[in-house]
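One structure is given below, encoded as C-alpha cells.
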Number of protein chains: 2
Amino acid sequence: MTKNDASATAPVRAKYLQIKDSLLQDHVEGKPAGTALPPERVLAQDFGVTRVTVRRAIDELESDGLVYRIQGGGTYTVGPSIAKSLRLTSFSEDVRARGRTPSSEVLEVSQGPAGDEVGRSLHLSPMDTVVTIRRLRMADGEPMCLEVCALPARLAPGIEEEDLTGSLYAILSGRYGLEPARAEQVIEATVLDEREAGMLAVPPFSAALRATRTSYDTRGGPIEFAVTTYRADRYSLRFAVRRD
Amino acid sequence: MTKNDASATAPVRAKYLQIKDSLLQDHVEGKPAGTALPPERVLAQDFGVTRVTVRRAIDELESDGLVYRIQGGGTYTVGPSIAKSLRLTSFSEDVRARGRTPSSEVLEVSQGPAGDEVGRSLHLSPMDTVVTIRRLRMADGEPMCLEVCALPARLAPGIEEEDLTGSLYAILSGRYGLEPARAEQVIEATVLDEREAGMLAVPPFSAALRATRTSYDTRGGPIEFAVTTYRADRYSLRFAVRRD
DNA sequence: GAGTGGTCTAGACCACACT
DNA sequence: GTGTGGTCTAGACCACTCC
C-alpha cells in the first residue's frame, strides 16, 4: 500500500492536493468575497495532517488567486468573480473549462527547416526539420484564435496523419509520451491584418492578443513553439499578483 | 535577539529569501541555460539549514521562472533570456529594474464620485469620493504608458498636494501607511485612438496592451483601481507557467 | 543501487492582529 | 493575552532518473 489510500491502480494524488480540492469545495467555491477559512490549526486537525500540509494546500489556493492571507488575521476568499489562474493549459482544455465546445480547422500541416527563431526556441539548428501546424480554433463554432505551432519532427514522427482538429497536447501525450510540464510565454498586443481579421471574423485592424509560447516536457527539453493570436474582444488574461 | 542575525533595527529577512538571493547570485545569474544547481541536500548542509528551507528558496526561483526541477534528475537554470516574473511592481520600480530612469507628466488630478465600475472595484458606493490621477509615464523621457488611477479619497486625504511625478506606491506607503500587497489584474489588447497615440508618440490606431488592476493592502481592503495603457512596441508580458 | 527531487510528520518559536 | 499566519528544525519515506 502506498502512503495514500487511493485505489491500487490510480496514480497517487498528494494529500495537499486532495486537501486543496476539499477546501475549494467546502470553503471557497460559491462563497462571497471575504469569507474566512477556518484557522490552519483547525484544518490540520480536521484533515488529520500536520499544519505544514494544510499550509501547502492553502499556498496553492493563494497562488491561484482564490484566497488571500493576512498575517495574524486569517485566510479569506477573494470571491467568485476572480478565478482563472496561470496554468499551462491547451486551448481545448481552456474552452471546455468555460463550458463551451472546442473545435479546430486545420489550415496547414507541413514539414521544413526550423529557421532562426523557431530553431533557437526549440534548441535545434535552423536546418533541423520541424512540423508546422496552422489552425483556426473555435469555441461553439465561433472563431477565437489563430495558432501556428512548430514541433521538432524527430519527436513526433507521423503526427501529420493524426486528427489535428482536437487537442494537440492529448496527441503528444497519448501517442508520443510527451507531457508538457512548463512553458515560457510572452504576451503582446498586435493589430490584425485583413487576412487574419477575415479568418477570425472581425473587422480588419482589430486589436489582438498574441501569445508566444515555448513548452518543455517533464525532462526539460523543448517540445513545442507556438504563436497564438487571440481576438481581443473574446480573450483577456486575468491573474493575481503579489508583492512579497 | 531575533532568529536572524540581521542588525538590530533592520527588518528580519527570512532565511529562505536570503538563500534565494545567494543561489541567484552563485548559481543562476550569468549561467548558461541548463546549468545544474547543487543537490538540495548539499545546499542544506552548506547553508546550515534543513532541506525544507532550501526547497522553499528554490520554490521561489522556480515560480519566478528562473530554474526548473526534474524529479530524480536535478534542478537546472532556465537561462539568461527569460527573466521578469509576475510580481506586483509599480511602474517606477519596473523601469528602474530595467536600468532606465522613470518620470511622469501629471495630466490631471481631480476628485469626484467613483461611479459604477470604479466604485465596485474599490468596494465603494458609486457616490463615494475618489481621487483620480491621470499620468503619462516615461522611461528616459520616452513615453511608455498612460495611466489612470483612482484612490478612495478617504484613504489618501491631501494626496493632491503631493509630488505625483514619482512613485505613487512610495507616497501611499510613506505618507499614508498603505502597503499594496496583492492585486488582481486583467490584460487586454486594444487599439489607440488619435489622442492617446499622440501622447504616446506612436502612429494612430497602433496596438496597445491595457492592464486593469485593483490593488489591495496588507489588510485586504482595496486601495487603488488603475487602468494602464502600454505601447505595444515597448511592452510585453513575459512569464513562466506550469502544468501541475 | 545510488542519488535526486516530492511529500509528510510533530513539533517549536516568531511576528502580527484583535480585544 | 490569545489566536492567527510565517518560518524553521530534524528527521522519514516515496517516486523517479541514471547508471
Side-chain angles (χ1 to χ4, degrees), chain A residues 1-6 8-20 23 36-45 47-63 67-77 177 179 181-182 217-221 242-244, chain B residues 1-6 8-20 23 36-45 47-63 67-77 177 179 181-182 217-221 242-244:
Chain A
M1 192 174 102
T2 63
K3 69 185 165 184
N4 287 290
D5 281 332
T9 57
V12 176
R13 183 159 174 82
K15 270 189 195 173
Y16 77 91
L17 290 175
Q18 296 178 34
I19 292 171
K20 176 190 177 186
L23 291 174
L37 268 65
E40 296 173 353
R41 288 166 178 82
V42 171
L43 291 171
Q45 186 131 43
F47 286 109
V49 299
T50 59
R51 206 181 130 213
V52 177
T53 306
V54 166
R55 280 185 62 74
R56 186 92 184 264
I58 298 179
D59 285 345
E60 291 277 316
L61 295 176
E62 189 182 22
S63 73
V67 305
Y68 63 95
R69 300 197 258 215
I70 300 176
Q71 180 169 160
T75 303
Y76 302 91
T77 59
E179 297 285 355
R182 64 187 190 87
D217 74 356
T218 47
R219 307 171 62 94
R242 287 175 309 146
R243 188 148 176 87
D244 295 69
Chain B
M1 193 173 98
T2 63
K3 70 185 165 184
N4 286 291
D5 281 332
T9 58
V12 176
R13 185 159 173 79
K15 270 190 194 171
Y16 77 92
L17 290 175
Q18 297 178 32
I19 292 171
K20 176 189 177 186
L23 291 175
L37 268 66
E40 295 173 353
R41 288 165 178 83
V42 171
L43 291 171
Q45 187 130 42
F47 286 109
V49 299
T50 59
R51 208 180 126 213
V52 178
T53 306
V54 166
R55 280 184 63 73
R56 186 89 186 264
I58 298 179
D59 285 346
E60 291 277 316
L61 295 176
E62 189 182 22
S63 74
V67 304
Y68 62 96
R69 299 199 258 215
I70 301 176
Q71 179 169 163
T75 303
Y76 302 91
T77 59
E179 297 284 356
R182 65 186 191 88
D217 75 356
T218 48
R219 307 171 63 92
R242 288 175 307 145
R243 187 146 175 87
D244 294 69

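Protein chains get the first letters and strands the later ones, always in sequence-line order, with residue 1 at the start of each. None of these values were measured; they are calculated from a predicted model.
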Is there a side-chain contact between [X] and the phosphate of [N], meaning an N or O under 4.0 Å from OP1 or OP2?
X	N	value
B/Tyr16	D/dT7	yes
B/Lys15	D/dT9	yes
B/Arg69	C/dG6	yes
A/Thr75	D/dG5	yes
B/Thr53	D/dT9	yes

- Identify the two heavy atoms, one from B/Ile70 and one from B/Tyr76, that lie closest to each other, and give their separation to 0.1 Å.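 For B/Ile70 and B/Tyr76, the tightest heavy-atom pair comes out as CD1-CE1, 4.0 Å.
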- Give the intermediate values and the outcome of side chain to side chain contact (heavy atoms under 4.5 Å, CB included) for residues A/Glu179 and A/Asp217. CA-CA 5 Å; A/Glu179 297 285 355; A/Asp217 74 356; 5.5 Å; no
- Within the structure shown, what part of the strands sits under 4.0 Å from A/Arg56 by heavy-atom distance: base, sugar-phosphate, or nothing?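 If one applies the 4.0 Å heavy-atom cut-off, A/Arg56 turns out to touch the sugar-phosphate alone, with no base involved.
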- Classify the nucleic acid contact of B/Ile70 as base, sugar-phosphate or nothing, counting any heavy atom under 4.0 Å across all strands shown.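 Here B/Ile70 touches the backbone only, sparing every base.
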Spatial distance of atom [atom1] ([X]) from atom [atom2] ([Y]) [nearest 0.5 Å]:
X	Y	atom1	atom2	result
B/Thr50	B/Lys15	OG1	NZ	8.0 Å
A/Arg41	A/Gln45	CZ	CD	11.5 Å
A/Lys20	A/Gln18	NZ	CD	13.0 Å

- Task: With DNA chain C as reference, determine whether A/Thr50 or B/Gly73 sits nearer its 5' end, using the nearest nucleotide of each.
- Result: B/Gly73
- Message: Counting distance alone, no hydrogens or angles: does the base of C/dG5 have a donor or acceptor under 3.5 Å from a partner atom on the side chain of B/Arg41?
- Response: yes
- Polar side-chain contact B/Arg51-D/dG11 base: donor and acceptor under 3.5 Å: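 Result: no qualifying N/O pair found.
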Expressed as a whole number of angstroms, how long is the span from [X]:[atom1] to [N]:[atom2]?
X	N	atom1	atom2	answer
B/Phe47	D/dC8	CZ	C1'	16 Å
B/Asp217	C/dA17	CG	P	10 Å
A/Leu23	D/dG5	CG	P	12 Å
A/Leu43	D/dT4	CG	P	11 Å
A/Leu17	C/dC8	CG	P	8 Å
B/Gln45	C/dG3	CD	P	14 Å
A/Gln71	C/dC16	CD	C1'	5 Å
B/Tyr76	D/dT17	OH	P	12 Å

- Message: Do B/Leu43 and B/Ile58 have side chains that approach each other closer than 4.5 Å (heavy atoms only, starting at C-beta)?
- Response: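 Heavy-atom side-chain distance check passes, below 4.5 Å.
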- Task: For B/Arg55, check salt bridge (charged side-chain N to carboxylate O under 4.0 Å, His left out) against everything at least two apart and list the hits.
- Result: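 B/Glu40.
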- Between D/dT9, C/dG5, C/dA15, spot the one nearest the side chain of B/Glu40, thanks.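 The nucleotide sitting nearest to the side chain is C/dG5.
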- Residue pair A/Gly74/A/Val52 against DNA chain D: nearer the 5' end by closest nucleotide is A/Gly74
- Item | Contacts of type ring-ring contact (aromatic ring centres under 6.0 Å, His included), residue B/Phe47, not counting sequence neighbours | none
- Quantified as the angle between the terminal helix axes (five pairs each), what is the overall bend of the helix from C/dG1-D/dC18 to C/dC18-D/dG1 to 10 degrees? 10°
